[in-house]
Amino acid sequence: MRQNDELQLDKFDTKTFQKELLGWFEAEQRDLPWRKDQDPYKVWVSEIMLQQTRVDTVIPYFHRFIEKFPTIKDLAEAEEDSVLKAWEGLGYYSRARNLQTAVKEVHEKYDGVVPNTLNEISKLKGVGPYTAGAILSIAYDVPEPAVDGNVMRVMSRILTIWDDIAKPSSRKVFEKAIRALISHENPSYFNQAVMELGALICTPTSPSCLLCPVREHCQAFAEGVQTELPVKTKKKSTKKVKLGAVILKDKEGNVLLHKRPSEGLLANLWEFPNCEISSLRYGKKQVEAYIKEEYNIDATIENGILTKIDHVFSHLTWNVEVYIGEVHHFAQQEDLRAISAQQLEEEYALPVSHQKMWKYYNEGKQS
DNA sequence: TATTCGTGGGT
DNA sequence: TACCCAAGAAT
């Protein structure tokens with residue numbers, strides 16, 4: 001079908017499609033830690049972690065997170081810094097803070113029971129249309145669509161849907177398709193099966209159509225256009241930002257850390273004092289002026305850079321010059337602390353870019 | 001609706 | 001090297 005056409009499902013063998021897809025999933029599904037049971041809390045945590053993040057990356061984080069926060073009550077009562085520390089390196093850190101905000105609401109408003117209605121669960125922080133459908137279907141067996149990138153890729157090929165999946169408005173087209181095809185006998189497995197098919201068989205670049213359990217139902221395979229779907233417009237390139245950062249120690253060997261603002265990039269994570277600089281040539285002078293004026297830090301920064309760190313985010317690139325120095329005096333503040341190296345590593349969540357600086361500082365290794 | 005929000009792996 | 005991607009949500 002072309003864009004804006006109606007879905008053509010009158011000749012689609014829905015029952016056979018469900019049977020073959022579910023049969024494949026029951027035989028081939030991966031043994032994942034969040035599939036041990038249907039605990040809504042664990043399903044919830046896994047779905048938040050899996051947003052824009054690979055399964056292999058999530059697995060060790062999921063184990064550690066559940067071990068540290070086994071129940072909704074444990075997470076609700078935890079310090080935010082400890083939650084961010086458990087999330088350190090996983091990215092998109094607002095996921096962790098929104099998750100704890102929502103868990104607190106469930107703990108207080110719903111007596112620790114994750115709500116099982118679309119209306120209630122959709123109001124929770126960090127729970128959008130996909131995650132709402134995922135929790136409802138996977139944990140509560142509610143036949144609600146859970147449309148993620150996998151589902152859009154798979155269904156665009158099955159039904160030759162040519163809508164641009166990069167457009168937010170396209171999601172409703174796929175929700176409509178899933179509503180028409182979802183198994184009401186086992187919506188949990190159905191939604192997971194579509195995603196699993198996308199992850200294992202119906203992959204973005206070279207789908208394994210000869211291994212696909214539902215290729216007889218696939219309109220794109222029948223027409224030989226599976227590699228042309230889904231349609232997805234590409235985003236523009238990233239901008240570059242030059243930073244100067246400084247690792248400062250006091251006479252006792254404690255390290256100075258600054259807590260980032262509560263909104264925006266890497267919100268509430270800790271970092272070495274740094275600022276944007278107009279020129280790498282004058283980086284040291286600008287960092288010196290910044291820490292003196294903004295934080296009233298009396299320090300000596302050594303001449304010459306320790307190293308340069310390039311860090312690529314999804315929408316921008318940092319080019320960081322790293323300096324070292326000694327603190328003589330500063331005013332202790334909520335967002336500025338001198339801590340031991342051990343505390344830094346065990347309690348304070350740093351962005352990966354600053355972890356790289358710390359690693360280089362201690363080991364002199366390039367990365 | 002378009003942009004912001006991370007990171008590590010694949011090609 | 002330079003993209004693209006991977007179980008999205010908030011603004």
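The sequence lines fix the lettering, A, B, ..., with proteins before strands; numbering per chain opens at 1. When reading the values below, keep in mind they use all heavy atoms of this one structure, side chains included, and skip hydrogens, waters and symmetry mates.
Taking atom NZ on Lys239(A) and atom C1' on dA2(B), their separation rounds to 14 Å, with Å as the unit. Following rounding to the nearest Å, Arg171(A) (CZ) and dT1(B) (P) show an atom-to-atom distance of 11 Å. Straight-line distance from the NZ atom of Lys232(A) to the C1' atom of dC4(C): 8 Å, rounded to whole Å. Atoms CG (Asp310(A)) and C1' (dG8(B)) sit 16 Å apart, rounded to a whole Å. The separation between His354(A) atom NE2 and dT7(B) atom C1' is 15 Å, rounded to whole Å. Atoms CG (Leu200(A)) and C1' (dA6(C)) sit 13 Å apart, rounded to a whole Å. In this structure, CG of Leu84(A) is placed 13 Å from C1' of dG6(B), rounded to the nearest angstrom. Counting to the nearest Å, the P atom of dG6(B) and the CD atom of Gln51(A) are 13 Å from each other.
For the pair Lys73(A) and Glu77(A), the salt-bridge criterion is met [side-chain N within less than 4.0 Å of a carboxylate O].
Along DNA chain B, the nucleotide closest to Thr205(A) and the one closest to Tyr93(A) are compared, and the more 5′ of them pairs with Tyr93(A). Residues Pro168(A) and Phe313(A) each lie close to DNA chain B; by heavy-atom proximity, the contact nearer the 5' end of the strand is made by Pro168(A).
Exactly one residue among Arg337(A), Gln343(A), Lys85(A) makes a side-chain hydrogen bond (donor to acceptor under 3.5 Å, both in side chains) with Tyr348(A). That residue is Arg337(A).
Residue-level contact check: Trp318(A) touches neither bases nor backbone, having no heavy atom under 4.0 Å from any strand. Among the atoms of the strands shown, none is found under 4.0 Å from any heavy atom of Val151(A). As judged by a 4.0 angstrom heavy-atom cut-off over every strand, Arg30(A) is placed among the base-contacting residues. Note on Leu32(A): a base of the nucleic acid sits closer than 4.0 angstrom, heavy atoms only. Using a 4.0 Å heavy-atom cutoff across all strands shown, Leu266(A) reaches sugar-phosphate atoms only and no base atom. Residue Gly198(A) is out of contact with every strand shown, counting any heavy-atom pair closer than 4.0 Å. No engagement by Ser46(A) is indicated, since no non-hydrogen atom pair under 4.0 Å with the nucleic acid exists.
You'll find a donor-acceptor pair under 3.5 Å spanning the side chain of Ser314(A) and the base of dG6(B), going by distance alone. A donor and an acceptor atom never sit less than 3.5 Å apart when one is taken from the side chain of Arg95(A) and the other from the base of dC5(B).
Rounded to a whole angstrom, the distance from the C1' atom of dC5(B) to that of dA6(C) is 15 Å. With P as the reference atom, dT11(C) and dG6(B) are 13 Å apart, rounded to whole Å.
Between Arg153(A) and dA6(C), a side-chain N or O to OP1/OP2 separation shorter than 4.0 Å is present. Applying the 4.0 Å criterion to OP1 and OP2 of dG6(B), one finds that Thr53(A) has every side-chain N and O outside that range. Applying the 4.0 Å criterion to OP1 and OP2 of dG6(B), one finds that His315(A) has every side-chain N and O outside that range. Between dT4(B) and Tyr92(A), no contact under 4.0 Å exists linking OP1 or OP2 to a side-chain N or O.
Closest to the side chain of Lys125(A), from the set dG8(C), dT7(B), dA10(C), is dA10(C). Candidate nucleotides dG8(C), dC5(C), dA10(C) were compared by shortest atom distance to the side chain of Pro204(A), and dC5(C) ranks first.
Phe65(A) and Trp87(A) have perpendicular rings, their planes meeting at more than 60° on a 0 to 90° scale where under 30° would count as parallel.
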- Message: side chain to side chain donor-acceptor pair (under 3.5 Å), that's the test. Do Glu345(A) and Trp358(A) meet it? Break it down for me.
- Response: CA-CA 9 Å; Glu345(A) 293 176 6; Trp358(A) 182 243; 2.8 Å; yes
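Nearest heavy-atom pair, Leu265(A) versus Arg260(A), reported as atom, atom and distance to 0.1 Å: O-NH2, 2.9 Å. Leu336(A) and Trp270(A) make their closest contact through N-CZ3, 4.5 Å (heavy atoms, listed as atom of the first residue, atom of the second, distance).
Aromatic ring centres of Phe313(A) and His311(A): separated by under 6.0 Å.
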